[in-house]
Structure formats: C-alpha cells, structure tokens
Amino acid sequence: MSETNTAAEVAAPHRYTAALAADIEARWQDLWDAHGTYDAPNPGGDLAGDPEVVARPKKFIMDMFPYPSGAGLHVGHPLGYIATDVYARYHRMTGHNVLHTLGFDAFGLPAEQYAVQTGTHPRVSTEANIENMKAQLRRLGLGHDKRRSFETIDPAYYKWTQWIFLQIFNSWYDEDAKKARPIAELVRLFESGERQVPGTRAWSELSAVERAEVLGEYRLAYASDAPVNWCPGLGTVLANEEVTADGRSERGNFPVFKSKLRQWNMRITAYADRLIDDLEALDWPEAIKLQQRNWIGRSEGARVSFEVVGHDEKITVFTTRPDTLFGATYMVLAPEHELVDSVVPAEWPEGTKDAWTGGARTPADAIAAYRKQAQSKTDVERQTEGKDKTGVFTGAYARNPLTGERVPVFVADYVLMGYGTGAIMAVPGQDERDWEFATAFELPIVRTVAPPEGWEGEAYTGQGPAINSANDKLDLNGMAVDEAKRTAIAWVTEQGIGEGTVNFRLRDWLFSRQRYWGEPFPIVYDEQGVAHSLPESMLPLELPEVEDYSPRTFEPDDADTSPETPLSRNEDWVNVTLDLGDGPKRYRRETNTMPNWAGSCWYELRYLDPHNSERLVSAEAEQYWMGPRDGQPHGGVDLYVGGAEHAVLHLLYARFWSKVLFDLGHISSNEPFHKLYNQGMIQAYVYRDSRGIAVPAAEVEERDGAFYYQGEKVGRLLGKMGKSLKNAVTPDEICAEYGADTLRLYEMAMGPLDVSRPWDTRAVIGQYRLLQRLWRNAVDEATGEVTVVSAEPDEATLRALHKAIDGVSQDMANLRFNTAIAKVTELNNFVTKLSEVPRTVAEQLVLLVAPLAPHIAEELWRKLGRTTSVVHADFPVADPAYLVDEAVTCVVQIKGKVKARLEVAPSISDEELEKAALADPAVVAALGGAGIRKVIVRAPKLVNIVPA
RNA sequence: GGGCAAGUGGCGGAACGGCAGACGCGGCGGACUUAAAAUCCGCUACCCCUUCCAGGGUGUGUGGGUUCGACUCCCACCUUGCCUACCA
C-alpha cells in the first residue's frame with residue numbers, strides 16, 4: 001500500500017478502500033462456499049433439497065462455458081459471466097429456484113497445441129489452466145452452484161458424450177415420421193419386408209458386411225469416404241465450419257485441401273427442415289436465426305436429368321429456375337464430378353471451338369490439365385481472380401429435353417461439387433455467372449424471361465413474363481416466373497425426367513479428428529471391418545496413456561499426405577479381445593477422436609444431474625429444469641449468454657443433438673436454449689508505432705489529443721483486447737486496485753450488454769465512488785459504526801426510493817444493467833444529500849445493489865443487523881402510491897417547440913390543462929394574437945398548440 | 001458482390017412518437033487542508049445577446065417524407081462494424 005493510502009486509513013480506518021473490499025470479498029466468498037449459498041435444489045436425487053424452494057418457478061441461467069487457455073483471462077472474458085450472475089441473483093431474490101453454474105470445455109486442438117509447445121501432457125496443462133481460471137473467476141464472486149461444475153475431459157462426463165454418440169450411431173431418420181428411431185426398428189422393418197431393402201435382394205440374403213453397408217446408409221452417425229477438408233499443417237481433417245472462406249484452417253491458418261478419406265459424419269442434414277422450422281419459436285436474436293437459416297440454405301427448385309448424347313448416363317442437375325429450361329444452352333460439371341471421365345470422348349468432336357479446348361490435343365488431356373490447375377489453385381488465388389470464369393469443354397453433348405438441341409458439356413470450377421448435384425444446366429439469359437461464362441466461351445444466350453423495357457443489363461434475374469419458351473409439347477410463354485416454375489416442374493415430373501425438390505446448402509457434419517486430445521469413439525471393428533458399438537457397460541472408453549500424444553503434421557502445402565492418428569500408434573490399446581455378446585473375439589478400436597464440439601453439444605443437460613452414473617440426466621431433473629412450459633412448443637435453458645461467433649457451429653450442433661435425444665425419448669425438450677443473448681465485445685485501444693508494431697498500451701501517454709510511446713508518436717485504433725496487441729487488462733489488476741464489486745459494476749455500467757464498447761480503465765473509478773458513497777451512507781468511516789436512524793423517511797425520499805425500485809426491477813428483468821446502475825446511482829446520490837439516512841432506505845438500497853455488487857451488499861446487510869444472507873432476501877417491490885409525483889412539469893409546445901412549462905397536479909384534466917396552457921403569458925406572447933387551429937392535450941405532461 | 005447492425009457532447013452512453021444529452025469518465029470553479037490526495041458543493045452540447053438578472057437561436061451522419069409533434073417510423077444516400085461470399 002502506498003503512503004497516501006496509509007494516511008487515509010489513519011484518518012478513516014473504516015473507509016471502503018480496495019483493501020477493505022478485498023477483505024470483505026474474500027470473507028464472503030469463503031462463507032458462501034462453506035454454506036453452499038448458491039446451491040439449487042433438484043426435485044430428487046443426490047441434489048434434492050428444500051421442497052419449498054423446488055416448488056418455486058425455476059430459472060436455468062447459463063453461460064457458454066469457457067475454454068481455459070494458457071493465457072488467462074482479460075477483463076473482456078467475464079462480461080457475460082457477470083451479466084448472467086446479476087440476472088441470476090435478481091431472480092433468486094424474486095422467488096425463483098435458480099440454477100446457475102459453470103463447467104469447463106477442455107478437449108480440443110488449442111489445449112493439445114499448448115501441451116505440445118510446452119512439452120507437458122495435455123491433461124496436466126489443461127488442469128493447470130482450469131485451476132488458474134477458477135481462481136481468477138472466484139475473485140469475481142460469481143454465484144455458481146459448485147456441486148454442478150464439471151470438465152468435459154472427466155471420464156465420468158465423456159462417458160455420456162460417448163453414450164450419446166452411440167445413440168446417434170444406433171438410430172436412423174424416418175422420413176415419414178420425421179424423427180429419429182432406433183436402428184433396430186429399421187432392421188425389423190427390413191426383416192419383415194415391411195420396408196424394401198435397397199437393391200434387389202432380401203435382408204435375409206445379405207451377408208453381415210452387406211447388412212452393415214446398408215445400415216450405414218441410414219445411421220445418423222456413419223463412416224464414409226467422401227471428400228473431406230484435410231489440413232496437413234495441423235495433421236487433421238476439419239469440419240466445413242472450421243474452414244475459413246479463403247480455404248484455410250480457422251485455427252493456425254494453414255491451407256486446407258479436399259481429400260477422399262474414410263471419416264465419421266453426423267447426418268445433420270436429415271434435420272435440416274426441423275432446424276429451420278423450429279427457429280421460429282425461439283427467443284433468439286434475429287441476426288443469429290438468419291445466420292442459421294442461411295447456413296442451412298434451404299432452396300426450392302427441381303432436379304432435372306439431361307440425356308448425354310450417345311451415352312447411357314444422365315446428368316442430373318439441381319435448379320431453382322426450372323422455368324428457364326428453354327434457355328439452357330450448355331451444361332457444367334464440377335471438376336470432381338464422377339461423370340466427367342465416363343462421358344469424355346477420345347477426340348474433339350466436329351465444331352469444337354478453339355477457346356473450348358484449353359489448347360489440349362484431346363478432351364482427356366484438357367480435363368486432366370484443368371483439374372490439376374483447379375486443384376493447385378488456392379482459394380486465395382480464386383478469390384483474387386474474382387469472377388473470371390475458367391473451364392474446358394468435355395467433348396460431350398447433352399440434349400435439352402425441351403428444345404431438343406445438343407448442348408455442350410463443360411467442366412468449370414465455378415460449379416461446386418458440394419452443392420446440389422455438382423452439375424448445372426447453364427441459363428446465361430437469367431444467371432449472371434452463366435452469362436459471364438457464355439460470353440467468355442462464345443456460347444449462345446437465349447432470354448426466356450422478358451426483361452423490363454429499357455433493360456440494358458446482361459443476365460436478367462428478376463420477374464417477368466416467359467418468352468422463347470414454347471414447343472409442341474409445352475408452352476410457358478406469357479406466364480409469370482412462379483407459374484412457369486410450377487408448370488415446368490409438372491411437365492418434367494410427367495415425363496419422368498425430373499421432380500420438384502428442396503435442396504440444402506448444409507452438409508453432413510464431419511465428426512472425426514486425427515487427434516489425441518478428444519473423446520475416443522466407442523467403436524470397434526471386427527475382422528471383416530464391420531463397425532460395432534461398445535455396450536454401455538464398457539463406457540467410458542478412456543483415453544489411453546501414451547508416450548507420444550503429438551499429432552503427425554506435415555508440410556502445410558503438401559496435399560499428397562494422409563493423416564495418422566496418435567491413438568493408432570498404441571497397438572496394445574488398439575487391438576483388443578472383447579465379448580460383445582457372441583463370445584470373445586478380436587477387434588480393432590477406432591483410433592480417431594471426436595471434435596472439440598462434442599462435449600459442448602449437450603453440457604446443459606449434465607448441469608442438471610451432474611453425478612448421475614445411471615443416466616446422462618434423470619428424467620425428473622430434466623423435466624423440472626428443461627421441460628416445455630408456458631405454452632412453448634419446446635423447453636430449454638431460460639437464458640443462454642455467449643458470443644455471436646458461435647452462431648452456426650456450437651449452436652447448430654447442440655440443437656441437432658437435442659433433437660435426436662428428444663426423438664429417442666431421452667429428454668423432453670427438443671431445443672436446448674429457449675432464450676439466447678449475445679453479449680458484445682469489450683474492445684480496447686491498440687497503439688502502433690510507425691512500423692505498425694503494437695506497443696504496450698499501458699505505457700502510452702496522451703498529450704494534446706496525440707499519443708506517445710517512449711517519446712515517439714503512435715497511432716491509436718480500436719481493436720480486440722489481447723496479449724498479442726499488448727493492450728490486455730486483467731480482472732486481477734482491477735480487483736487489486738478497486739475490488740471485485742467495482743469491476744462488476746463497471747463492466748455492467750459501460751453500456752448495453754449486447755453492444756461492443758471500449759474498455760477505459762480511467763472510468764472504473766466512477767463505480768468505485770458509487771460504492772464508497774453507498775458505504776458512507778450507512779457506516780461511519782472513523783468508527784465503523786452503523787449511522788442509520790430509525791426515523792421514517794419523508795415523502796420526497798419515499799418517492800425517490802420507489803421510483804428507483806420500479807426502474808431497477810424493470811431494467812434487471814430486461815438485462816438493462818447499465819440503466820439499472822444509473823438509477824441506483826441517482827438514488828444513492830439523493831440519499832447522500834440527506835442529513836441522516838433512515839434505516840429502511842439504507843436497507844432497500846442495499847437490496848437494490850445486491851445483485852450487482854453482492855459482497856458489499858452482504859457486508860452492509862450484516863452490519864445493519866441482518867443475520868441471514870442477502871442472497872436470498874426479497875428484492876424490494878415498488879409501492880405504486882409513491883410512483884406518482886406530487887406535481888408534474890407540463891410542457892407547452894407551439895408546433896412542437898417548447899414555449900412554456902407549467903407545474904400541474906398529476907390528476908389534472910385535459911380541459912383544465914388546456915385552459916391553463918392557453919392562459920400562460922409566455923404562450924400568449926409566443927402566439928402573438930394568432931388564432932388557434934388545433935390543440936393536442938396529453939394530460940398531465942404535454943400541450944401542443946397549432947396556430948392557424 | 002450479398003446480408004445484418006449501428007451512427008447522439010471531449011469520451012462511454014440515456015431518452016413508451018411528447019422537456020435530447022439521465023448516469024458515469026474527463027474538464028473547469030469553489031469549500032475543507034499548511035499543502036496535496038480523498039471527500040463535499042456547483043458548472044460543463046454549440047452559437048448569439050446581456051455587466052447582472054434574464055432571453056433568443058441551432059442542434060441526434062446527409063437529404064427527403066409521414067405526423068400537431070421525429071434521435072425514435074418510412075425512403076434514398078454516406079460512413080463504420082460484424083457476418084457471408086461463384087449456393088445454380
């Protein structure tokens with residue numbers, strides 16, 4: 001402590017200082033832990049508790065749990081945790097049974113990379129990080145039910161992650177019932193013949209391997225050889241969601257290549273419709289709903305097959321514009337399309353234009369060269385090339401089923417294998433990309449929708465009557481786009497060459513990683529290579545201890561590599577003899593691990609019943625905390641707060657798992673999170689020198705609006721807070737300087753929770769002063785004695801008090817903590833001006849502050865003579881009698897401009913008020929004898945006069 | 001290129017279509033003090049007029065519109081941020 005502080009402490013030994021705050025905070029945190037103050041009772045089981053509390057309305061308030069990195073927390077991290085804590089405390093004080101806790105997400109790449117860098121086992125480094133984070137968070141006084149906390153790396157936890165995987169593996173999506181069902185039911189349908197087995201043979205005629213293959217086509221978790229995102233630099237494959245727009249890994253920024261590898265997938269596409277439809281009823285930010293809708297990318301259209309001239313094969317395309325079929329003048333296949341090789345002729349056909357061949361002697365050469373070029377091109381290059389269309393002619397022709405014309409088939413990389421069928425019918429008249437390609441390759445362009453008069457643009461994608469769209473079989477001419485679509489779909493359906501269909505952008509979720517630090521798959525393969533699930537009795541399948549847990553990584557640019565799983569090196573673990581019900585046999589374990597999203601896909605459920613060893617969650621606890629109520633079509637967490645960056649990853653996966661578990665009858669809510677709220681980011685100023693290098697923000701000085709570091713002028717920009725930008729401020733340093741309550745208040749007072757705003761350490765002192773004044777309003781700084789008096793408060797004080805209670809209550813309920821604090825401050829400033837503070841006022845003020853600054857509230861509550869915790873005290877309720885002011889200021893406007901103010905009784909009638917307003921000298925003067933056309937009266941607050 | 005937000009004092013931000021700038025930071029002045037810190041009190045959007053008292057005008061990115069009345073609703077534009085990107 002500095003000397004000035006010591007001097008101040010001599011003068012006022014009981015002043016609310018950082019030292020006193022630290023003492024108060026540590027003391028109450030210990031007491032809360034000792035008493036389990038924040039423990040929320042379950043209706044039954046090991047966490048059962050007071051039936052009176054269980055009978056209250058429940059609130060399940062949750063944060064997106066943290067991923068403990070080695071770097072520790074900066075002040076931006078706990079923003080959401082503090083907000084949910086305030087909200088939880090408010091609800092605890094308004095008669096709710098509140099479940100609020102926090103676990104830790106701890107599997108995954110960053111932990112593993114950190115472990116590799118530091119040469120420690122990931123479990124050791126992860127546990128150390130978690131301990132460090134727990135200590136940092138404990139200092140903030142978050143009211144968590146610590147009995148319910150867990151880490152996703154606990155075998156007792158990931159046992160159930162594996163169990164859920166098996167539920168998904170052992171189920172299929174019944175398109176008719178529109179829900180998941182156990183795979184055993186599908187087998188029964190195949191056995192009985194109720195359902196046709198794909199192919200020509202009956203179920204009983206199939207071998208075990210063939211049966212496994214058939215079921216693999218149905219399972220919601222399945223292995224397949226599809227092209228996946230292979231990242232040699234990381235040594236693992238990645239989900240689409242983990243690859244950035246420019247084709248690099250989100251983590252590490254390494255190049256990502258398409259490679260055919262046998263990998264596990266989750267059939268999330270089966271739920272595409274439900275994932276879109278069920279968004280409707282969720283209380284989520286519209287922007288997030290929109291992102292999910294766009295990600296799922298539902299579009300209605302048609303599939304149409306085109307006959308390839310001189311071949312048996314057909315090219316099937318997806319189009320959203322079947323009405324433009326008459327304008328399809330060529331076709332395009334994606335470079336990876338499997339039909340490319342089979343339709344390519346030996347020689348260039350008659351009439352091949354030079355521009356189409358890419359200068360190659362034969363079509364096969366041209367395609368080989370183009371594919372090579374397309375594959376080597378990084379997506380960055382693709383991006384800089386923009387919309388310049390490239391491609392080559394395959395030498396093959398297809399036949400337009402409506403015009404009967406031969407149309408050339410091209411290969412071009414502007415058609416993506418992963419969307420639709422990987423093939424398109426090109427309609428340059430109505431599609432901008434096709435127009436560009438057609439122009440570049442001298443292909444015919446036919447407009448089939450009439451553009452508006454004076455249209456000088458190129459492709460016309462808008463509405464208009466169909467033209468050039470008739471033959472002796474079908475006539476669309478004159479039809480509007482929608483009608484033409486319907487008619488065309490009906491025609492292709494009747495001809496047996498197509499059908500109306502819905503296409504999704506969403507693809508199945510790649511679910512395996514070549515990593516050590518993840519949940520092992522509870523899957524073994526028999527000698528024929530058939531996958532078997534482990535029985536529940538063999539769960540958890542624990543990660544083996546290994547010598548070498550680092551992944552095998554490669555040259556980041558070397559696409560001709562393939563992954564090697566760390567677990568595969570451990571032969572003793574991989575090769576096992578197990579009895580899966582038909583006697584001991586040799587098996588090989590699956591050596592991939594699950595992606596880091598797995599643990600967070602269902603963690604909300606485990607909070608409800610964290611120690612249950614029989615089930616992932618008891619039905620009783622699940623229904624109590626998550627079950628549908630209040631007329632909602634779904635239940636779920638009452639409030640889920642986290643960053644918007646999880647809009648399409650975690651939030652989509654978690655919804656998917658919920659729906660599967662719901663379908664299979666394991667839980668009662670088909671949505672995990674009823675209300676979602678995205679907190680904003682705390683930004684910080686970044687100072688850079690002339691070379692553009694960030695300099696330590698704490699050492700930058702400001703002079704006359706310019707910024708200097710070590711005498712050199714530096715530039716200032718608003719950015720993220722972090723170590724690399726040398727502008728991180730830690731909660732520890734703010735707590736040391738002012739105390740945790742001040743930090744909590746400041747973070748909540750900075751602005752609306754959902755908006756990003758810059759951190760300003762200088763401004764923290766404002767909230768510190770608020771708490772000091774609050775303290776002084778009840779406690780003598782010299783003696784530490786309580787100074788409140790027993791006298792009743794006067795009218796004005798009661799009005800100020802109840803106005804604050806009313807406003808703060810509404811703000812708390814609506815997550816508007818910044819304005820709640822403003823109202824508390826106003827009341828506190830009012831009380832400061834009183835010569836003596838009535839006990840009732842001090843007590844209510846303490847209660848108002850309690851959710852925001854719980855430590856000082858507990859201390860004052862105790863000093864005021866209360867013996868029970870303020871945590872469970874009742875939040876004050878405003879008395880409406882004091883919400884009406886004695887006199888109201890009425891503004892008198894002329895044409896909307898304020899000209900006079902009147903002090904009137906709140907009960908004044910419109911007539912009286914109008915009379916008073918018109919009689920006011922200032923109004924008379926302003927009117928200057930002009931006549932009155934109209935008077936709008938909103939008693940008691942406003943009169944607006946419109947002069948003639 | 002597309003989509004979604006948001007633009008209010010020196011700064012962070014308040015404002016059911018009804019007194020713009022609550023509350024806080026910073027700044028200025030005063031009280032207390034030998035002095036400083038802390039604390040307490042007052043002032044603090046801009047311009048004009050005025051010795052004072054008082055008064056007048058302009059103001060919520062720009063331009064239009066709806067309305068008795070617009071920071072708020074509608075249209076166009078500008079700027080910034082975020083998301084997304086050849087999705088057929």
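Below, each value reflects all heavy atoms present in this structure, side chains not excepted, and no hydrogens, waters or symmetry copies. Throughout, a chain's letter reflects where its sequence line sits, starting with A, and its residues are numbered from 1.
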(request) Ignoring the backbone of A/Val898, work out which of B/C19, B/C25, B/C86 is nearest its side chain. (result) B/C19

(request) Round to the nearest Å and state the distance from A/Ile288 atom CD1 to B/G3 atom P. (result) 19 Å

(request) Using whole Å, report how far CD1 of A/Ile765 lies from P of B/C11. (result) 21 Å

(request) Identify whether any heavy atom of A/Gln893 sits under 4.0 Å from a base atom; if not, whether one sits that close to sugar-phosphate; answer base, sugar-phosphate or nothing. (result) base

(request) May I ask you to say what A/Arg769 touches in the nucleic acid, namely base, sugar-phosphate or nothing, with a heavy-atom cut-off under 4.0 Å? (result) sugar-phosphate

(request) Examine B/C68: is either OP1 or OP2 under 4.0 Å from a nitrogen or oxygen in the side chain of A/Lys934? Give yes or no. (result) yes

(request) Report which part of the nucleic acid A/Val891 touches: base, sugar-phosphate, or nothing (heavy-atom distance under 4.0 Å, all strands). (result) base

(message) For a quick check, tell me whether the side chain of A/Gln767 and the base of B/G24 share a donor-acceptor pair closer than 3.5 Å.
(response) no

(message) So if I take every side-chain heavy atom of A/Arg762 and compare against B/A88, B/G26, B/G42, which nucleotide ends up nearest?
(response) B/G26

(message) With a 4.0 Å cutoff (strictly under), does any side-chain N or O of A/Arg938 reach OP1 or OP2 of B/G69?
(response) no

(request) May I ask you to say whether A/Arg433 pairs ionically with A/Glu436, meaning some side-chain N is under 4.0 Å from a carboxylate O? (result) no

(request) Among B/C4, B/C83, B/G18, find the nucleotide with the atom closest to the side chain of A/Ala287. (result) B/C4

(request) With the side chain of A/Ala822 defined as its heavy atoms from C-beta on, choose the nearest nucleotide among B/A88, B/A22, B/C68. (result) B/A22

(message) By the 4.0 Å heavy-atom rule, please label A/Thr832 as base, sugar-phosphate, or nothing.
(response) nothing

(request) Give the rounded distance in Å between these two atoms: CE of A/Met748 and P of B/G24. (result) 19 Å

(message) Counting only side-chain heavy atoms from C-beta out, which of B/C23, B/C87, B/C25 sits nearest to A/Thr825?
(response) B/C23

(request) Kindly indicate whether the side chain of A/Tyr460, heavy atoms from C-beta on, has any atom under 4.5 Å from the side chain of A/Trp435. (result) no

(message) Please report the distance, rounded to the nearest Å, between CD in A/Glu781 and P in B/C40.
(response) 9 Å

(request) Send over the distance from A/Lys897 NZ to B/A20 C1', rounded to a whole Å. (result) 12 Å

(request) Write down the distance between CZ (A/Arg901) and C1' (B/G18), rounded to a whole number of angstrom. (result) 13 Å

(request) Would you mind reading off the distance between A/Tyr414 atom OH and B/A85 atom C1', rounded to a whole angstrom? (result) 17 Å

(request) Identify which one of A/Val943, A/Val892, A/Leu902 satisfies the side chain to side chain contact (heavy atoms under 4.5 Å, CB included) criterion when paired with A/Asp920. (result) A/Leu902

(request) Determine which nucleotide pairs with B/A14, using a 3.5 Å limit on both distances of a Watson-Crick or G-U wobble pair. (result) none

(request) Find out whether A/Val75 and A/Trp759 are in side-chain contact, i.e. whether some heavy atom of one side chain is under 4.5 Å from a heavy atom of the other. (result) yes

(request) Write down the distance between CE (A/Met750) and P (B/A14), rounded to a whole number of angstrom. (result) 12 Å

(request) Would you mind classifying the nucleic acid contact of A/Asn818 as base, sugar-phosphate or nothing, using non-hydrogen atoms under 4.0 angstrom? (result) sugar-phosphate

(request) Identify which nucleotide among B/G24, B/C86, B/G12 has an atom closest to any side-chain atom of A/Pro758, counting heavy atoms from C-beta outward. (result) B/G12

(request) Run the numbers on A/Thr17 and A/Tyr738 for side-chain hydrogen bond (donor to acceptor under 3.5 Å, both in side chains), then give the verdict. (result) CA-CA 7 Å; A/Thr17 59; A/Tyr738 300 105; over 6 Å; no

(message) Check this for me: does the side-chain of A/Lys941 come within 3.5 Å of the base of B/C19 through a donor and an acceptor?
(response) no

(message) Whether A/Arg15 engages the ring of A/Trp775 as a cation-pi pair (distance to the six-membered ring centre under 6.0 angstrom, angle to the ring normal within 45°) should be assessed.
(response) no

(message) Counting only side-chain heavy atoms from C-beta out, which of B/A38, B/G18, B/C23 sits nearest to A/Leu942?
(response) B/G18

(request) Remember a base hit wins even if backbone is also touched, and classify A/Arg505 as base, sugar-phosphate or nothing at under 4.0 Å, heavy atoms. (result) base

(request) Identify which nucleotide among B/A20, B/C68, B/A22 has an atom closest to any side-chain atom of A/Glu826, counting heavy atoms from C-beta outward. (result) B/A22

(request) Classify the nucleic acid contact of A/Val415 as base, sugar-phosphate or nothing, counting any heavy atom under 4.0 Å across all strands shown. (result) base

(request) Quick one: label A/Ala763 by what it contacts on the DNA or RNA (base, sugar-phosphate, nothing), any heavy atom closer than 4.0 Å. (result) sugar-phosphate

(request) Would you confirm whether the ring centroid of A/Tyr330 sits within less than 6.0 angstrom of the ring centroid of A/Phe437? (result) yes

(message) Over all strands shown, is A/Lys289 touching base, sugar-phosphate only, or nothing at heavy-atom distances under 4.0 angstrom?
(response) nothing

(request) Answer with base, sugar-phosphate or nothing: what part of the nucleic acid does A/Gln772 contact at a heavy-atom distance below 4.0 Å? (result) sugar-phosphate

(request) Looking at every strand, decide which applies to A/Asn294 at a 4.0 Å heavy-atom threshold: base, sugar-phosphate, or nothing. (result) nothing

(message) Closest approach to the side chain of A/Arg776, judged atom by atom: which nucleotide of B/A88, B/G24, B/U39 is it?
(response) B/U39

(request) Would you indicate, yes or no, if B/G57 has its OP1 or OP2 atom less than 4.0 angstrom from a side-chain nitrogen or oxygen of A/Lys899? (result) yes

(request) For A/Leu290, report the nucleic acid contact type (base, sugar-phosphate, nothing); a contact means any heavy atom under 4.0 Å. (result) sugar-phosphate

